[in-house]
Amino acid sequence: MSSINVLPLLVLVLLLCSLKSHQIFATAEPDDLIQKTCKTTLYYDLCVASLRSNSSSAKADTKGLAVIMIGIGAANANETYTYLSSQLLLILKSKKDSTSTRGLTRNKVLRLCAERYMFASQALREAVQDVELMSQDYAYVQVSAAKDYPNVCHNAFKRVPSLAYPPELARREENLVQICDVATGIMDLIDWDQN
């Protein structure tokens with residue numbers, strides 16, 4: 001008789017174990033898609049870390065992962081625009097630096113850079129819409145433009161030998177370029193013929 005009482009308990013344990021293993025596999029699938037997708041990009045670690053940092057990635061398909069990565073790029077460009085705007089404010093607050101020839105030149109270059117990062121952010125926001133609308137050519141053009149805008153900033157510093165390219169700006173440029181490369185790599189996996 002005692003063995004009969006154990007049977008329902010054993011069935012319950014097996015059922016719970018079955019549900020637990022299903023949950024484990026269900027949560028592993030999105031991470032598998034992230035890893036599989038990121039393996040095709042130039043910057044695997046950046047791709048995985050970026051996508052895992054966004055909770056929407058867990059339920060996203062490849063197109064959704066591209067949208068998320070492009071959105072991360074737009075946020076990055078916007079943060080750099082904000083950083084450059086704060087640097088401009090510091091120059092304006094400094095009486096000495098804001099009136100010297102070097103200060104005016106630096107102000108002009110930083111303003112150009114801020115504008116280009118704003119353009120990059122706008123281009124990436126448009127790319128998100130283009131991916132969602134499955135407009136392949138437009139999406140690629142927008143991401144490519146966003147990737148190139150920081151280069152315009154870098155070149156502006158090169159044209160003024162007395163101005164060193166700030167290491168913080170160099171780091172931000174490299175990061176945005178890599179994010180755009182990752183976004184393009186993910187976009188390459190989208191089935192664009194699917195409507």
Side-chain angles (χ1 to χ4, degrees), residues 20-87 113-154 157 165-192 194:
K20 265 300 197 206
S21 69
H22 177 70
Q23 287 176 342
I24 290 168
F25 289 120
T27 57
E29 288 176 21
D31 198 51
D32 287 347
L33 179 60
I34 289 171
Q35 290 178 8
K36 180 181 171 188
T37 301
C38 290
K39 282 182 183 175
T40 68
T41 68
L42 294 175
Y43 304 100
Y44 175 82
D45 293 336
L46 173 66
C47 179
V48 170
S50 298
L51 292 175
R52 283 183 180 164
S53 73
N54 186 310
S55 61
S56 300
S57 296
K59 295 178 183 171
D61 59 2
T62 305
K63 178 179 156 184
L65 294 178
V67 165
I68 291 166
M69 185 56 71
I70 295 167
I72 289 169
N76 175 283
N78 194 58
E79 288 169 11
T80 302
Y81 166 77
T82 302
Y83 164 77
L84 289 165
S85 297
S86 71
Q87 295 301 302
C113 288
E115 185 179 70
R116 293 311 181 262
Y117 276 93
M118 181 183 66
F119 291 162
S121 180
Q122 289 172 343
L124 290 168
R125 286 194 304 274
E126 289 177 25
V128 165
Q129 293 173 352
D130 293 332
V131 170
E132 289 172 345
L133 295 171
M134 297 299 282
S135 298
Q136 179 182 13
D137 292 341
Y138 291 119
Y140 278 100
V141 166
Q142 295 294 358
V143 174
S144 294
K147 178 182 173 182
D148 196 43
Y149 281 125
N151 191 43
V152 174
C153 172
H154 195 152
F157 272 93
Y165 192 53
E168 176 63 16
L169 198 49
R171 184 190 65 75
R172 288 171 180 266
E173 175 187 5
E174 180 181 17
N175 198 22
L176 181 59
V177 167
Q178 289 177 357
I179 289 169
C180 289
D181 282 339
V182 169
T184 302
I186 296 172
M187 288 167 46
D188 289 343
L189 300 175
I190 296 173
D191 181 5
W192 292 98
Q194 213 176 45

Begin from the C-alpha positions of Asp130 and Val143 and carry the test side-chain contact (heavy atoms from CB on, under 4.5 Å) through to its verdict.
CA-CA 10 Å; Asp130 293 332; Val143 174; over 6 Å; no
Side-chain contact test, heavy atoms from C-beta onward, threshold under 4.5 Å: evaluate it for Leu42 versus Val182 and give yes or no.
no
Residues forming a ring pair (Phe, Tyr, Trp, His ring centres under 6.0 Å) with Tyr43, sequence neighbours excluded:
none
What residues form a side chain to side chain donor-acceptor pair (under 3.5 Å) with Asn54, not counting sequence neighbours?
Ser56
Listed partners of Cys47 passing disulfide (SG to SG under 2.5 Å), at least two apart:
Cys38
For Tyr83, check ring pair (Phe, Tyr, Trp, His ring centres under 6.0 Å) against everything at least two apart and list the hits.
none
For Val131, is there any backbone N or O sitting under 3.5 Å from a side-chain donor or acceptor partner on Ser135?
no
Under 3.5 Å donor-acceptor pairs involving side-chain atoms of residues 61-72, not counting sequence neighbours:
{"from": "Asp61", "atom 1": "OD1", "to": "Lys63", "atom 2": "N", "distance (Å)": "3.4"}
{"from": "Asp61", "atom 1": "OD1", "to": "Gly64", "atom 2": "N", "distance (Å)": "2.8"}
{"from": "Lys63", "atom 1": "NZ", "to": "Glu132", "atom 2": "O", "distance (Å)": "3.3"}

Tyr138 and Leu133, any side-chain heavy atoms less than 4.5 Å apart:
no
Keeping Ser57 on the side-chain end and Ser53 on the backbone end, is there a donor-acceptor pair under 3.5 Å?
no
Would Glu115 and Tyr81 satisfy side-chain contact (heavy atoms from CB on, under 4.5 Å), going step by step from the backbone distance to the final call?
CA-CA 7 Å; Glu115 185 179 70; Tyr81 166 77; over 6 Å; no
Reported OH-to-OG1 distance for the pair Tyr149 and Thr80, which is rounded to 0.5 angstrom:
15.5 Å
Closest approach of Cys153 to Leu169 (non-hydrogen atoms, all atoms of both residues):
SG-CD2, 3.6 Å
Test side-chain contact (heavy atoms from CB on, under 4.5 Å) applied to Val152 - qualifying residues, sequence neighbours left out:
Leu112, Arg116
Can you list the residues that meet the side chain to side chain donor-acceptor pair (under 3.5 Å) rule with Ser85, with sequence neighbours excluded?
none
Going by side-chain contact (heavy atoms from CB on, under 4.5 Å), name the residues that satisfy it together with Ser144, two or more places apart in sequence or in a different chain.
none
CG-OG1 distance between Asp188 and Thr37, expressed to the nearest 0.5 angstrom
11.5 Å
Go through the steps to decide whether Trp192 and Asp137 satisfy the test side-chain contact (heavy atoms from CB on, under 4.5 Å), and finish with yes or no.
CA-CA 10 Å; Trp192 292 98; Asp137 292 341; over 6 Å; no
Sequence neighbours excluded, which residues qualify as salt bridge (charged side-chain N to carboxylate O under 4.0 Å, His left out) partners of Glu168?
Arg171, Arg172
Quick one: which residue pairs count as a side chain to side chain donor-acceptor pair (under 3.5 Å) with a foot in residues 175-187, not counting sequence neighbours?
Lys147-Asp181, Glu174-Gln178
Rounded to the nearest 0.5 Å, what's the gap from CD on Glu79 to CG on Leu176? Could you check?
10.5 Å
Would you list the pairs meeting salt bridge (Lys or Arg N to Asp or Glu O under 4.0 Å) in which at least one residue belongs to residues 33-51, sequence neighbours left out?
none
Which donor-acceptor pairs under 3.5 Å do the side chains of residues 120-127 make with protein atoms, sequence neighbours left out?
{"from": "Ser121", "atom 1": "OG", "to": "Ala74", "atom 2": "O", "distance (Å)": "3.3"}
{"from": "Ser121", "atom 1": "OG", "to": "Arg125", "atom 2": "NH1", "distance (Å)": "2.6"}
{"from": "Glu126", "atom 1": "OE1", "to": "Gln142", "atom 2": "NE2", "distance (Å)": "2.9"}

Ring centers of Phe157, Tyr165 separated by less than 6.0 Å
yes
